[in-house]
Amino acid sequence: MSDGIRCMQLRGGSSKGAYFLAEDLPADPAERNDLLLRILGSPDDRQIDGLGGGHPLTSKVAVVSPSADAHADVDYLFLQIVPGRAVVTDAQTCGNLLAGVGPFAIERGLVPVTGDTTTVRIRIVNPSVSLVEARVRTPGSRVRYDGDTVMAGTPFPAAPIDLTFPGGAAPVFPTGALVDEFAGVAVTCVDAGMPVVVLCAADLGLDGTEDPADLESRSELRGKLEQVRLVAGAAMGLGDVADMTVPKLSIVSAPRNGGTVTTRTFIPHRVHTAIGVLGAVSVAAAVRTPGTVARAGSDDSLVRVEHPTGTFDVGIELDPGGAATRVLRSSVVRTARKISDGLVWPRSGKATG
Ligand code: NQM
């Protein structure tokens, strides 16, 4: 592979990633991962020799292919390329990069435009949600990126992309309890598309509105959270999560700006400047279930999740049942924008060599 490789860069929601057709990458996962490490610039922590931006939110890959599933148009495989390490993980999906999958599939000719709005049915290959419908604005037979939708976590308005997730058969509380105590801290473990451990700010001696950089600088707090995460990950059925990017840790407190809840989210070692899409859906499921550490008041299907750079609105309908609660449907609005389309040249050799 000494030639350039076809690649499109898009901002998807409040993240940024490199999008590939599966046919443009090696079929063998080990070979593919090594190539992607070199394209993104890991294991250098600044990723100075690649496309990555030196932060988990800007070191992401989407691999898209036609789907064999009759209910989907395309398959979407998300890969987190870890900055600073030679690690590529498919243990989680990414609802932010998901926002760019519909536009990318249309641009690459995998899905025909069907009018002013084109619905792209996406099968998510990673755990733990499967089918998604993305409604992409396509006036004049082209993907429209410009628009007036303002999305917190992103400084410029763009065209809306509506994402609808059907519910799953599995309950959203994978430990079978609404509250567990791990490493002396009361938590709620929830997975409505993203495994998240929810903790109360007050239980950690926090106010809940701290800056991401402030939280990242507290080594004692980080040590405690990692202790909780390792035990919680095993209890959630994820096995040994030491080298995994899940579960995330969302610290909740009372809303400050008219929303439903305030969050600060470790993903899991850096602090998110906003909150992940499916991470927010998982928090919303906990917020609307009586008995969790995050329970907030009403049963309104709109949950307004405050985060460091604004508020993220999640629509969520639950089939209530305590620890057996299921999600019937959830929805969010995101935006995406094509940044570049062309060829990328990976660093030669082996990623770790
Ligand atoms: O939770 C970051 C992001 C994400 C993931 C992370 C995401 C999601 O904001 O669906 O989008 O939690 O690692 O891109």
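These numbers were taken from a predicted model, which means no experiment stands behind them. Numbering of ligands and ligand atoms starts at 1, following listing order. By convention here, the first residue in the shown sequence is residue 1.
- The closest donor-acceptor contact from the side chain of Gln80 to the backbone of Pro56 lies under 3.5 Å.
- Remark: Asp28 engages no residue in a salt bridge (charged side-chain N to carboxylate O under 4.0 Å, His left out) (not counting sequence neighbours).
- Applying the side chain to side chain donor-acceptor pair (under 3.5 Å) test to Thr263 and every residue at least two apart in sequence or in another chain returns nothing.
- Protein neighbours of ligand 1 below 4.0 Å, counting non-hydrogen atoms: Ser15, Leu57, Lys60, Gln92, Cys94, Gly95, Asn96, Met194, Lys248, Ile267, His272, Gly276, Val277, Leu278, Gly279.
- A chain of hydrophobic side-chain contacts below 4.5 Å, direct or via other Ile, Leu, Val, Met, Phe, Trp or Tyr residues, connects Val252 to Val185.
- One hydrophobic cluster, built from ILVMFWY side chains closer than 4.5 Å, cannot hold both Met151 and Ile275; they sit in different ones.
- Sorted by first and then second residue, the salt bridge (charged side-chain N to carboxylate O under 4.0 Å, His left out) pairs with a member in residues 238-254 read Arg85-Asp243; sequence neighbours excluded.
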